[in-house]
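We count residues from 1, following the sequence as given.
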Amino acid sequence: MALQTDPDPDPEPVPAVRYLAVTFDCSDPVELARFYSAALGLPVTRSTDGFALVDREGSPGLGFYRLDDYRRPTWPDPSVPKQAHLELGVDDLDAAQTRLVALGAVAADVQPVPGRRRVLLDPAGHPFCITL
């Protein structure tokens with residue numbers, strides 16, 4: 001038997017919340033924006049010395065914020081944790097990896113599931129995965 005509740009007769013309006021972007025710390029936001037712009041086919045829509053954004057109107061984007069004391073993640077070594085990573089879908093792992101490396105990514109030394117997912121590092125050292 002399902003629990004039934006009475007609707008609130010005077011519900012308070014719920015403020016609109018929109019997912020705009022995920023922002024990564026880095027030492028060079030313009031360089032990282034160029035990399036992800038080329039990798040994802042998204043335009044760089046904002047660019048200053050301290051911040052850059054790639055996005056498409058109506059869709060969430062990726063932001064890159066200059067942090068003067070930025071330290072590259074050392075994944076899988078936990079000395080400087082990765083904090084977050086992107087999962088990018090691809091149709092062909094080898095072709096996608098070749099293209100992303102040509103754009104400036106580096107294949108990580110550790111590849112936990114190389115037949116299904118590859119771990120790459122962006123130019124700022126953030127790990128990201130390309131996955132079938």
Has [X] got more than 12 heavy atoms of other residues, nucleotides or ligands less than 6.0 Å from its [atom1]?
X      : atom1 : answer
Glu57  : CD    : no
Tyr65  : OH    : no
Asp109 : CG    : no

Using every non-hydrogen atom in the two residues, find where [X] and [Y] come nearest and quote the distance to one decimal.
X      : Y      : result
Leu32  : Phe64  : CD2-CD2, 3.5 Å
Ser79  : Thr74  : N-OG1, 3.6 Å
Gln111 : Arg117 : OE1-O, 4.0 Å
Lys82  : Pro73  : CA-CB, 3.8 Å
Pro123 : Gly104 : CG-O, 3.8 Å

message: Would Leu93 and Leu132 count as a side-chain contact (heavy atoms from CB on, under 4.5 Å) here? Give the steps.
response: CA-CA 7 Å; Leu93 284 172; Leu132 289 175; 3.7 Å; yes
- prompt: Do any pairs count as a ring pair (Phe, Tyr, Trp, His ring centres under 6.0 Å) and have a residue in residues 70-111, sequence neighbours left out, and if so which ones?
  reply: Tyr70-His126
message: Quick check: do Thr23 and Phe51 have side-chain heavy atoms less than 4.5 Å from each other?
response: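 Yes - at least one pair of side-chain heavy atoms lies under 4.5 Å apart.
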- prompt: Does the side chain of Leu88 come within less than 4.5 Å of Leu40's, by heavy atoms?
  reply: yes
query: Does any N or O in the side chain of Arg99 come within less than 3.5 Å of the main-chain N or O of Asp94, such that one atom is a donor and the other an acceptor?
result: no
query: Does the pair Leu120 and Gln97 meet the rule for a side-chain contact (heavy atoms from CB on, under 4.5 Å), with working shown?
result: CA-CA 8 Å; Leu120 303 175; Gln97 180 173 335; 3.9 Å; yes
query: Side-chain heavy atoms under 4.5 angstrom apart, residues restricted to Ile, Leu, Val, Met, Phe, Trp, Tyr: same cluster for Tyr36 and Ile130?
result: yes
- request: Run the numbers on Leu86 and Phe24 for side-chain contact (heavy atoms from CB on, under 4.5 Å), then give the verdict.
  value: CA-CA 11 Å; Leu86 296 174; Phe24 288 89; 4.0 Å; yes
message: Using the rule given for side-chain contact (heavy atoms from CB on, under 4.5 Å), can you reason through Val110 versus Val119, listing the C-alpha separation, both sets of side-chain angles and the distance that settles it, and then say yes or no?
response: CA-CA 8 Å; Val110 175; Val119 181; over 6 Å; no
